[in-house]
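Values reported hereafter were calculated over all heavy atoms of this structure, with side chains retained and with hydrogens, waters and symmetry mates removed.
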Amino acid sequence: MSAGQPLLASSESASVIEHRSPSPNFGSAGSLCRSASFTSSSHEDAQSDVVDVKENCAASFGDKDWSVEDSLGRSTSLSRRQYHTIGSLFPNRSPFGDPTQDRRRLVSWGAMELHSINDNPPSFELSRVQEKLHKAQRSHHKSMQFEDNLQHDDNPRLIYINDPRRTNDKYEFTGNEITTSKYTLITFLPKNLFIQFHRVAYLYFLAIAALNQLPPLAVFGRTVSLFPLLFVLCVTAIKDGYEDWRRHRSDRNENNKQALVLQSDEFRLKVWKKIRAGEVVKICADEVIPCDMVLLGTSDPSGLAYIQTMNLDGESNLKTRYARQETASAVAEGCSYSGLIRCEQPNRNIYEFTANMEFNGHKFPLSQSNIVLRGCQLKNTEWIIGVVVYAGQETKAMLNSAVSPAKRSKLEGYMNRETLWLSIFLFIMCLVVALGMGLWLVRHKEQLDTLPYYRKTFFTTGAEDGKRYRFYGIPMETFFSFLSSIIVFQIMIPISLYITMEMVRLGQSYFMIEDKHMYCRISRSRFQCRSLNINEDLGQVRYIFSDKTGTLTENKMEFKRASVYGRNYGNNLSELYPSLLYSLSETLGRRKWKLKSDVAVDTDLVKLLHEDPNGDEKIAAHDFFLTLAACNTVIPILMDDESSYANGELHEDFETIGYQGESPDEQALVAAASAYGYTLFERTSGHIVIDVKGENLRLEVLGLHEFDSVRKRMSVVIKFPDNTIKVLVKGADTSMLSILGIDSDREEFIKDTTQNHLCDYSMEGLRTLVVAAKDLTDSEFELWQSRYEDASTSLTERAVKLRQTAALIECDLKLLGATAIEDKLQDGVPEAIESLRQAGIKVWILTGDKQETAISIGLSCKLLTPDMQSIIINGNSENDCRQLLGDAIEKFGIKSGQGGSPRQKLNNCENDCNGTLKTSSMPDFNEVKEEEEEVIDKPLALIIDGNSLVYILEKELESELFDLATSCNVVLCCRVAPLQKAGIVDLIKSRTDDMTLAIGDGANDVSMIQMADVGVGICGQEGRQAVMASDFAMGQFRFLKRLLLVHGHWNYQRVGYMVLYNFYRNAVFVLMLFWYILCTAFSTTSALTDWSSVFYSVIYTSIPTIFVGILDKDLSDKTLLQYPKLYGAGHRQEAYNLRLFWFTMIDTLWQSLVLFYVPLYIYRESSIDIWSLGSLWTIAVVILVNVHLAMDVQRWVYITHAAVWGSIVITYACMVVLDSIPVFPNYWTIFHLAKSPTYWLTILLIIVVGLLPRYLFKVVNQRFWPSDIQIAREAEVLGKRKGNEQLGSKQDRNSE
């Protein structure tokens, strides 16, 4: 990947004319291109759709109207139906694409459809994946397509320059005031409560509180019953209110900023919120752009301006924007501002702008390079003047201000399942109580007036004598008993668990952020937790989907090799190149440049460039580096250094130059050209100036076709001082080698040799580009120029027409050579991948790079190992892919998930494939024949390209791909588009319960990151789009090892135990009350005070749970990193599963019986009242559950001791306070009980008898059936003891 990838995609058509059969005849315009192909095969940087078909170009170029007709036909001539040895890929001279290009646009993420006029081939859609992705993106991310982007000829937006009243005469445009807050003072309470009650548990507790307000059901005090729910609602409301207050404050500060606006022919300050569409605004250096504006003029005479878009897309590189020369000259002369802009309606695409302007009688096009967006900052430019086209909520920045999709923990989903079981238990207990009550009333209906629990009428005399006393008949009393039981047993569903989980996750996130081992010193970035909902999911990841460039590699490009005119350079790289270039410069008296960063050069190539003879090879080398210096969008930055050091010597007259661009690849190429003597040092909207070995060469830029993901190449039309016009082109080899003009055997030899060089470079893991050029005749240039003007001013299908226009000149090119750039692996990547694989995690690479490059990187990072058997799938048709998948499934004995033989499906379709099935082992780069049994026994590696995925990601073939891919140890997907990355993730996510994690660093990884269960962003060279869309962010890939194996393991173990413990502590309390009710004639009375019941889960027992959930560690980080297989406990769900839940419930049942009956048995002959017994039960249950927790704590620290034992002290303190209040029925009970030794012995007996079965079970289980974690813990403890003994003996020897 490289920078500049859009976060959102344009709706460009996924087709482009690509010339394949160039004609040597340049005289006739009609013979410019005899055949072409529509291509949308993808690579990582281009990120295009992947469909290959051919098209015949039957355009009548003599007609100025658009007459290029699309006659699409299915192509099989280039079909490659094979999966074969990795080695067999490299000798082939087939064209391979290169992913190193800069690009400014992304093809639509929508459905990819190709409609053939002749044979109507099927449409290939990824809309199902797109729908799933869009559902997760909420709000205005529901659709990522820009259907209205290029369809506004009928309804364009009209902007009258410097006439806001006429512009908005119908009051249809919004002002510039923005609102990001969710609430107002009036809407806060109802809206916040509505959002909070989306949690079903809150509705449950609201119903409980409402029932308790009814007189017949008032089990607890009416105020007391509201306390837990009100506490939770208030805490959440305060948090939400504070966050929204901060949003209001931010909005107020933003809206009240000031900018210079043209008013009464002079610029005056005006607050941002009052700026309107059509007004002319002036922005000074380092100021932020208040709205989307079309540039009219800048402080630079050529209309050039530099902006930083970090606030918009996270990219720190400066970008160039231009004012049209027509308006820039008028601004410079001080003319009045008037004119008309017709532009598209507001949309979210920050990488596209389609409009035209009428100014002083001229009509000219406007594009993305002519608009500056709200939130960008003006840099290195004194001032700019522009006209507002979009304001306020209609700006592209505001239209893109959607939050990342909310994700929910997998364990939380399981927790809901157990909550359902608890609800069933609750219902059964309430039903038992209600039926018992009904039977008891029927049995004692004649005695109800004399029994202590019930009476039908008042005993008192007077007006109420003989009247009913809260008796509603046996049926209603039974029903009320059921409802009252729900109120009494309400904490069976733990409302405190939600708060506890949030606090535990917050604490866990703090320690992950502060982990010094995950701090990246290179980027000076620490670990980020952007989502607090899925910490425990990090401990259960089964699949990792990783991008390659910038994620596994550094994305810092270095020019390494070059193939120029069929000759390979790069074997004689020298770091002493400055002395060579400086001596040449001094001899010739030329200007001297020093690059900001050194680039090693090939001495043979330097000598060739500085030879006097004008041979073909030298001319080709000259054009090669001239293309590298001119065909780009890089911005040269001249440094202020007046002196530079070179080879230990001080050079006073050197000028230091650096380059900034949207792509690290382009920066590396331009820097390499400068190192070889072709220094780009000036760029304007109309020309560039290159220092060619000391002589300034001023080139007029007549047109630029930027790199796009469909053409996969970039071209610039240049006019030289001698009026020669050339087109300079660079691009991916898949799109370049097919449009070369081969006029001689020498050119054919150069092409074949260059292809071999490209294969060699790919084997080394280098990123490649092909460079070519062509002289344009007058007729070719005139035709192109007329079409270019028409296309660039079109408001409809502009991108498509520009691609078709580019195809007129991007054919019959002369091959100059190829470049190879190295993108090194990040530190620790091979070790991290090896550890992750040992942990049972499958790592898949989803990249846009060519297949050979991806395989080479896979080998170097130890993802692919020598003992693996490769399966390579490259297909260009549905039947092709079906055949390949079926052959692989049958050959390796893979069971089909849907049943039936894949071969049966293959027999039903026509076999139009030409390849054969081949397999290989990784270390051999030649075909090897092995026995079938040996092949099947080896681990498998699947390598598949994006072109095949277009056909496979259909319902019929998805299951076969799933069966094959999940049977492989490694999967490498090459040439994949962003939506295809999301499709692969969805393939696993939708068909398995396994946890998926996606990690990437660029905008093209956003869809994959949002689709996965866990999304991780890398703070890399491509901006922060991936980081902003992720759940977690880090500086380098190697930190993923510690994140998963250490923090993921800890978090899963802690949260899993915490959930079970919360279920236990609430259930044991409720069951204790249940036994009491059974012994009190089902009367739903309680021996505990109302406040004790409320405080039990909120205060008495919640604090230890939180600290143990944050701080407990079953194993040290060193042990977890040393033995990655311990991570498998999360895969096996050892910390939380249904079996553990049932064991916990059985243990809970036993402990509740002990809690209730032991005190009842001991005090059966005593005279203590029920409130004294209730006080004993309260203290006993708190001590029991805390000792239960203490038995399971693995790592004791001071704060854990304070939390566990301190909660018991707090409980006693609260009991003392509550028992000291005279109005309460339990007044002074604790003081009487504490004096008796029986009280303390009873509590001790409860603890011992209640926890003894649990203790014995743990001892037996750990002795005879220990888990991996228990074995590792024992080894850890024994290792510490041994170390302490050795340390003690050493100290003893030293003392002697």
**Fill in**
Residues passing the salt bridge (charged side-chain N to carboxylate O under 4.0 Å, His left out) test with Glu326, sequence neighbours excluded, are Arg324

**Prompt:** Run the side-chain contact (heavy atoms from CB on, under 4.5 Å) check on Lys273 and Glu254 step by step: do they pass?
**Reply:** CA-CA 8 Å; Lys273 63 182 179 182; Glu254 186 84 359; over 6 Å; no

**Message:** What's the separation between atom OH in Tyr322 and atom CG in Leu366, rounded to the nearest 0.5 Å?
**Reply:** 15.0 Å

**Prompt:** Within a strict 4.5 Å, meaning less than it, do heavy atoms of the Phe559 and Tyr676 side chains meet?
**Reply:** yes

**Asked** Would a distance-only check, ignoring hydrogens and angles, find a side-chain to backbone donor-acceptor pair under 3.5 Å from Thr167 to Gly278?
**Response** no

**Contact check, side chains of Trp383 and Lys282, non-hydrogen atoms, under 4.5 Å** = yes

**Request:** Decide yes or no for Cys376 and Lys319: does some side-chain heavy atom of the first lie under 4.5 Å from some side-chain heavy atom of the second?
**Result:** no

**Request:** List the steps, then state whether side-chain hydrogen bond (donor to acceptor under 3.5 Å, both in side chains) holds for Glu782 with Ser779.
**Result:** CA-CA 5 Å; Glu782 290 173 1; Ser779 59; over 6 Å; no

**Message:** With side-chain hydrogen bond (donor to acceptor under 3.5 Å, both in side chains) as the test, pick out the partner of Glu394 among Arg157, Gln345, Arg374.
**Reply:** Arg157

**Non-hydrogen atoms of Ile159 and Ala277 that approach each other most closely** = CD1-CB, 4.3 Å

**Asked** Would a distance-only check, ignoring hydrogens and angles, find a side-chain to backbone donor-acceptor pair under 3.5 Å from Glu344 to Thr354?
**Response** yes

**Message:** With a 4.0 Å cut-off on N to O distance, would you call Asp286 and Lys379 a salt bridge?
**Reply:** yes

**Asked** At what distance, to the nearest 0.5 angstrom, does CG of Asn176 lie from OG1 of Thr395?
**Response** 7.5 Å

**Leu378 vs Gln308 side-chain heavy atoms within contact, under 4.5 Å** = no

**Request:** Could you tell me which non-hydrogen atom of Val271 sits nearest to which non-hydrogen atom of Asn256, and how far apart they are?
**Result:** CG1-O, 4.0 Å

**Request:** Please confirm whether the backbone N or O of Ala330 pairs with a side-chain atom of Glu333, one donor and one acceptor, at under 3.5 Å?
**Result:** no

**Prompt:** Does any donor atom in the side chain of Asp722 or Thr724 lie under 3.5 Å from an acceptor atom in the other side chain?
**Reply:** yes

**Request:** Taking the side chain as every heavy atom from C-beta outward, state whether Val692 and His622 have any pair of such atoms under 4.5 Å apart.
**Result:** yes

**Asked** Within the side chain of Ser299, is there an N or O that forms a donor-acceptor pair under 3.5 Å with the backbone of Thr381?
**Response** no

**Request:** May I ask you to establish whether Lys726 and Phe720 are in a cation-pi arrangement, using a distance under 6.0 Å from NZ or CZ to the six-membered ring centre and at most 45° from the ring axis?
**Result:** yes

**Asked** Should we count NZ of Lys363 as having more than 12 external heavy atoms under 6.0 Å?
**Response** no

**salt bridge (charged side-chain N to carboxylate O under 4.0 Å, His left out) assessment of Lys396 paired with Asp292** = CA-CA 8 Å; Lys396 293 179 181 290; Asp292 296 352; 6.0 Å; no

**Prompt:** Is a side-chain N or O of Asn370 found less than 3.5 angstrom from the main chain of Ser367, in a donor-acceptor match?
**Reply:** yes

**Request:** Answer with yes or no whether the side chains of His705 and Tyr788 bring together a donor and an acceptor at under 3.5 Å.
**Result:** no

**Request:** Could you pull out the closest heavy-atom pair between Pro721 and Leu699, with the gap in Å?
**Result:** CD-CD2, 4.2 Å

**Request:** List the steps, then state whether salt bridge (charged side-chain N to carboxylate O under 4.0 Å, His left out) holds for Arg698 with Glu682.
**Result:** CA-CA 9 Å; Arg698 189 179 189 276; Glu682 182 180 331; 5.8 Å; no

**Request:** Only counting residues at least two apart or in another chain, list the ones meeting salt bridge (charged side-chain N to carboxylate O under 4.0 Å, His left out) with Arg268.
**Result:** Glu266

**Message:** Check this for me, if you would: do Arg713 and Glu810 make a salt bridge, where the nitrogen-to-carboxylate-oxygen distance has to be below 4.0 angstrom?
**Reply:** yes

**Message:** Is any side-chain heavy atom of Tyr678 closer than 4.5 Å to one of Asp691?
**Reply:** no

**Asked** Taking Thr174 for the side chain and Ala391 for the main chain, is one N or O donor matched with an acceptor at less than 3.5 Å?
**Response** yes

**Asked** Taking atom CG of Leu802 and atom CZ of Arg711, what is their separation to the nearest 0.5 Å?
**Response** 9.0 Å

**Item:** Qualifying residue for side-chain contact (heavy atoms from CB on, under 4.5 Å) with Asn162, from Leu296, Val387, Leu262
**Value:** Leu262

**Request:** Flag yes if more than 12 heavy atoms outside Asn253 fall under 6.0 Å of its CG atom; otherwise flag no.
**Result:** yes

**Request:** Run through Glu666, Gln667, Arg683 and flag the one making a side-chain hydrogen bond (donor to acceptor under 3.5 Å, both in side chains) with Asn632.
**Result:** Arg683

**Considering all heavy atoms, the nearest Ile657-Leu680 contact** = CD1-O, 3.2 Å

**Message:** Checking Cys343 against Tyr390 for the side-chain contact (heavy atoms from CB on, under 4.5 Å) test, could you report, in this order, the C-alpha distance in whole Å, the side-chain angles of both residues, the deciding distance, and whether it holds?
**Reply:** CA-CA 10 Å; Cys343 63; Tyr390 307 124; 3.8 Å; yes

**Request:** May I ask you to test the Thr298-Ile385 pair for a side-chain heavy-atom distance under 4.5 Å?
**Result:** no

**Request:** Apply side-chain contact (heavy atoms from CB on, under 4.5 Å) to the pair Ile718 and Ile725, showing each step before the final yes or no.
**Result:** CA-CA 6 Å; Ile718 296 294; Ile725 298 176; over 6 Å; no

**Asked** Quick one: CG on Asn168 to CG on Leu158, what's the gap to the nearest 0.5 Å?
**Response** 12.0 Å

**Message:** I'd like to check Phe173 versus Pro164 (side-chain heavy atoms, cut-off strictly below 4.5 Å). Are they in contact?
**Reply:** no

**Message:** Checking side-chain contact (heavy atoms from CB on, under 4.5 Å) between Phe364 and each of Glu358, Glu789, Met357, which is the one that passes?
**Reply:** Met357

**Item:** Thr819 and Val771: CA distance, side-chain angles, deciding distance, side-chain contact (heavy atoms from CB on, under 4.5 Å) verdict
**Value:** CA-CA 8 Å; Thr819 64; Val771 180; 4.2 Å; yes

**Message:** If you compare all heavy atoms of Val599 against all heavy atoms of Ala672, which two are closest, and at what distance to 0.1 Å?
**Reply:** CG1-CA, 4.3 Å

**Prompt:** Which atoms form the tightest heavy-atom contact between Leu702 and Phe781, and what is the distance?
**Reply:** CD1-CE1, 3.4 Å

**Item:** Lys274/Glu177 salt bridge by N-O under 4.0 Å criterion
**Value:** no

